[in-house]
Amino acid sequence: MSQPACPICEMTEILIHPDRCECVTCGHEWEHERLPEDAAAARVVKDAYGNILADGDVVAMIKDLKLKGSSEVLKVGTKSKPIRLVDGDHEISCKMDGMAIGLKACFVKKVLN
Ligand SMILES: [Zn+2]
């Protein structure tokens with residue numbers, strides 16, 4: 001987080017109160033900017049069965065999935081290389097069958113190495 005600065009005098013010597021900020025230099029007070037809902041908090045990604053997934057896990061397809069824009073089909077049971085969790089609609093970034101793909105967690109299950 002960057003140091004808050006006073007919107008009036010732009011000094012960064014700020015007193016942080018629970019409900020407001022106060023500039024030491026000019027005495028200006030203002031309300032905290034609302035932070036996005038725990039944007040920094042770790043996101044929990046779960047597979048189709050509710051197992052929590054983490055970076056480095058190995059997952060397998062629980063159904064055939066046709067890859068967009070190609071004729072390739074990931075067969076049920078296909079295992080990934082260790083996954084990486086990413087932001088966005090497709091939470092899992094991994095390699096399957098040598099292809100780098102993004103997967104939705106609801107299409108996979110966690111497998112033990
Ligand atoms: Zn100020």
Side-chain angles (χ1 to χ4, degrees):
M1 225 174 82
S2 59
Q3 177 74 19
C6 174
I8 303 298
C9 69
E10 298 186 338
M11 299 305 284
T12 54
E13 210 172 324
I14 306 294
L15 294 176
I16 311 271
H17 302 290
D19 58 337
R20 63 197 158 82
C21 299
E22 182 183 346
C23 175
V24 174
T25 307
C26 73
H28 177 67
E29 293 184 7
W30 68 98
E31 288 191 1
H32 289 298
E33 260 179 62
R34 287 225 165 251
L35 296 172
E37 285 284 311
D38 284 340
R43 203 160 63 113
V44 175
V45 177
K46 292 179 179 175
D47 71 6
Y49 301 103
N51 298 306
I52 293 173
L53 298 172
D55 286 358
D57 280 347
V58 172
V59 297
M61 302 302 301
I62 59 164
K63 56 183 268 185
D64 289 354
L65 187 71
K66 192 173 181 309
L67 292 180
K68 266 191 196 143
S70 87
S71 57
E72 302 273 357
V73 174
L74 288 173
K75 293 281 189 197
V76 59
T78 305
K79 279 189 192 176
S80 73
K81 299 287 183 202
I83 64 169
R84 200 163 53 84
L85 298 180
V86 294
D87 283 334
D89 195 28
H90 294 66
E91 304 97 333
I92 297 171
S93 172
C94 66
K95 277 196 167 185
M96 271 195 189
D97 279 355
M99 295 173 292
I101 54 173
L103 285 174
K104 293 198 181 200
C106 59
F107 291 137
V108 301
K109 67 175 178 184
K110 183 172 170 173
V111 292
L112 298 171
N113 291 311

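Below, all heavy atoms of this structure are taken into account, side chains as well, without hydrogens, waters or symmetry copies. No experiment lies behind these values; they were computed from the predicted model shown. All ligand and atom numbering here is 1-based and tracks the order in the structure. The first residue in the sequence is number 1, and the count goes up from there.
Taking the Zn ion (ligand 1) as the apex, the angle formed with SG of Cys9 and SG of Cys6 is 110°, to the nearest 10 degrees. The angle that Cys26 SG and Cys23 SG make at the Zn ion (ligand 1), rounded to 10°, works out to 110°.
Surrounding CE of Met11 are at most 12 heavy atoms belonging to other residues, nucleotides or ligands under 6.0 Å away.
Ile16 and Val24 are not part of a single hydrophobic cluster, where members link through side-chain heavy atoms under 4.5 Å apart.
Expressed to the nearest 0.5 Å, how far CD1 of Ile62 lies from OG1 of Thr78 amounts to 12.5 Å.
Between Met96 and Met61, the closest side-chain pair of non-hydrogen atoms falls below 4.5 Å.
Not one N, O or S atom of His28 sits under 2.8 Å from the Zn ion (ligand 1).
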